Chemist: 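Quick one: this structure, given as structure tokens, is what I'll be asking you about.
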Amino acid sequence: MKIQLSHPWPETAAEAEAVQDALRASLDLAGPGPRRPAAVAGVDVAYAGDRLAAAVVVLDAVTHRVVEQVAVTGRTAFEYVPGLLAFRELPSLTEALERLTIVPDLVVCDGYGLAHPRRFGLACHLGVLTGLPTVGVGKTAFVGSHREPGRERGAWSDLVLDGDVVGRVLRTQDGVKPVFVSTGHRIDLETACRHVLALSPRYRLPETTRAADRLSRTALREAAGG
DNA sequence: GCGACAG
DNA sequence: ATCTTGTCGC
């Protein structure tokens, strides 16, 4: 799979915001998205100073067994700026995705999608670039307001931004801190949450996220020489 | 103006 | 994200 990043790649925050505003027009929020995905991918990036390691792990959607995984290492080219996370992580993430031989039916991203200041978070961006259905799963609050969801697994509440429902605060395990789910591309929020729950049978975070997080950290460690 | 702010 | 010790619990 060949992935084309925007050219030229933005150098400033203003240029990056302009890219988001332009690509947002290509966002597909129609849904319903994959009903019975067979292969689900998780992506994540780990950092150590200016070094980084991006990982993509594809799991069997039913058994959650690893089907394929790729990790690439490199150096940071964009500093972290709230709202512009994609420009820090996409170069390496797309490189890892390009080396994948399997085309996943859904990609679970670390972070937000539509729940974003300009309605174009990392999950939306990666979705538009790859054409794949994507969903964003954030671990902490970023934008929007919400009520505390019920304490049982599956309970959720609306994540509202400027009067729009842009995501859901979803409890994936009884009594544990909820996660923030928002759609990325080619999927609806209801379906996205259904898949996130199915991918989180035992822990707070989806198995895809956990697997990608582990791989990115070990890849970073091995690249350093330990 | 000030504080908050995915990872 | 990453920096960090011990601690409670399965």
Side-chain angles (χ1 to χ4, degrees), chain A residues 13 16-17 19-20 23-24 27 41-57 71-97 107-129 134-146 153 159-162 164 166-170 172-185 189 192-193 196 201-206 208-221 223-224 226:
Chain A
E17 291 181 5
V19 170
Q20 294 179 324
L23 291 182
R24 194 177 52 230
L27 204 52
V43 296
D44 194 19
V45 182
Y47 302 87
D50 68 335
R51 293 189 311 111
L52 63 79
V56 51
V57 180
V72 303
T73 59
R75 295 193 172 272
T76 57
F78 207 99
E79 71 171 88
Y80 171 67
V81 178
L84 300 180
L85 175 67
F87 297 92
R88 182 171 168 79
E89 310 211 323
L90 280 179
S92 53
L93 280 182
T94 53
E95 188 181 330
L97 282 167
V107 179
V108 179
C109 305
D110 240 64
Y112 285 65
L114 191 65
H116 176 277
R118 282 171 299 285
R119 304 294 200 280
F120 201 72
L122 171 65
C124 298
H125 205 145
L126 185 60
V128 168
L129 292 189
T134 60
V135 52
V137 178
K139 297 181 287 294
T140 62
F142 178 37
V143 293
S145 58
H146 64 88
R153 168 181 155 84
L159 180 58
V160 181
L161 178 62
D162 298 327
D164 301 319
V166 294
R168 284 183 186 177
V169 181
L170 177 66
T172 54
Q173 295 297 323
D174 292 357
V176 305
K177 184 162 49 144
V179 297
F180 299 76
V181 180
S182 56
T183 60
H185 184 59
L189 187 54
C193 287
V196 168
R202 173 161 187 198
Y203 300 102
R204 180 196 176 216
L205 298 178
T208 38
T209 300
R210 289 164 44 76
D213 181 80
R214 266 183 299 134
L215 179 58
S216 65
R217 296 196 197 199
T218 59
L220 189 61
R221 213 168 176 296

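Note on naming: letters A, B, ... go to the chains in the order of the sequence lines (proteins, then strands), and numbering restarts at 1 for each one. Computed from a predicted model, the values in this text were never measured in an experiment.
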Chemist: For the residue pair T134(A) and C124(A), what are the closest heavy atoms and their distance?
Modeler: OG1-N, 4.5 Å

Chemist: What is the 5' to 3' range of DNA chain B, first to last nucleotide, that sits under 4.0 Å from any heavy atom of chain A?
Modeler: dC5(B) to dG7(B)

Chemist: Please test V56(A) against L93(A) for side chain to side chain contact (heavy atoms under 4.5 Å, CB included), starting from the C-alpha separation and ending with a verdict.
Modeler: CA-CA 7 Å; V56(A) 51; L93(A) 280 182; over 6 Å; no

Chemist: List in numerical order all residues of residues 114-123 of chain A for which some heavy atom is under 4.0 Å away from an atom belonging to DNA chain B.
Modeler: H116(A), G121(A), L122(A)

Chemist: At under 4.0 Å between heavy atoms, how does the protein contact nucleotides 5-10 of chain C? Give one character per nucleotide, 5' to 3', with B, S or -.
Modeler: ------

Chemist: Extract from the structure each pairing of a protein N or O with an N or O of nucleotides 1-3 of chain C at less than 3.5 Å, listing the distance.
Modeler:
from, atom 1, to, atom 2, distance (Å)
dA1(C), OP2, K139(A), NZ, 3.2
dT2(C), OP1, Y47(A), N, 3.4
dT2(C), OP1, Y47(A), O, 3.4

Chemist: Tell me, please, which residues at least two apart from D44(A) pass salt bridge (charged side-chain N to carboxylate O under 4.0 Å, His left out).
Modeler: none

Chemist: Using the test side-chain hydrogen bond (donor to acceptor under 3.5 Å, both in side chains), find all partners of R202(A) that sit at least two apart in sequence or belong to another chain.
Modeler: none

Chemist: Residues in side-chain hydrogen bond (donor to acceptor under 3.5 Å, both in side chains) with R24(A), at least two apart?
Modeler: D21(A)

Chemist: Which heavy-atom pair separates V135(A) from A192(A) by the least distance, and what is that distance?
Modeler: CG2-CB, 3.7 Å

Chemist: Looking at residues at least two apart in the chain, or sitting in another chain, which of them share a salt bridge (charged side-chain N to carboxylate O under 4.0 Å, His left out) with K139(A)?
Modeler: D110(A)

Chemist: Give me each pair satisfying salt bridge (charged side-chain N to carboxylate O under 4.0 Å, His left out) with a member in residues 115-128 of chain A, each pair once, sequence neighbours excluded.
Modeler: E17(A)-R118(A), R119(A)-D162(A), R119(A)-D164(A)

Chemist: Before giving the answer on side chain to side chain contact (heavy atoms under 4.5 Å, CB included), spell out for T208(A) and V137(A) the whole-Å C-alpha distance, their side-chain angles and the decisive distance to 0.1 Å.
Modeler: CA-CA 11 Å; T208(A) 38; V137(A) 178; over 6 Å; no

Chemist: Can you run through DNA chain C from 5' to 3' and write each base as (, ), [, ], | or . depending on how it pairs? Watson-Crick or G-U wobble, both distances under 3.5 Å.
Modeler: ..........

Chemist: How does DNA chain B look in dot-bracket notation if pairs are Watson-Crick or G-U with both distances under 3.5 Å, crossing ones as [ ], other-strand ones as |?
Modeler: .......

Chemist: Using a cut-off of 4.0 Å on non-hydrogen atoms, how would the nucleic acid contact of L84(A) be classed: base, sugar-phosphate, or nothing?
Modeler: base

Chemist: Run the side-chain donor-acceptor check on residues 81-92 of chain A: report pairs under 3.5 Å with partners two or more places apart or on a different chain.
Modeler:
from, atom 1, to, atom 2, distance (Å)
R88(A), NH1, F78(A), O, 3.0
E89(A), OE2, Y47(A), OH, 2.8
S92(A), OG, E89(A), O, 3.2

Chemist: What heavy-atom pair brings A219(A) and A53(A) nearest, and what distance separates the two atoms?
Modeler: CB-CB, 4.0 Å

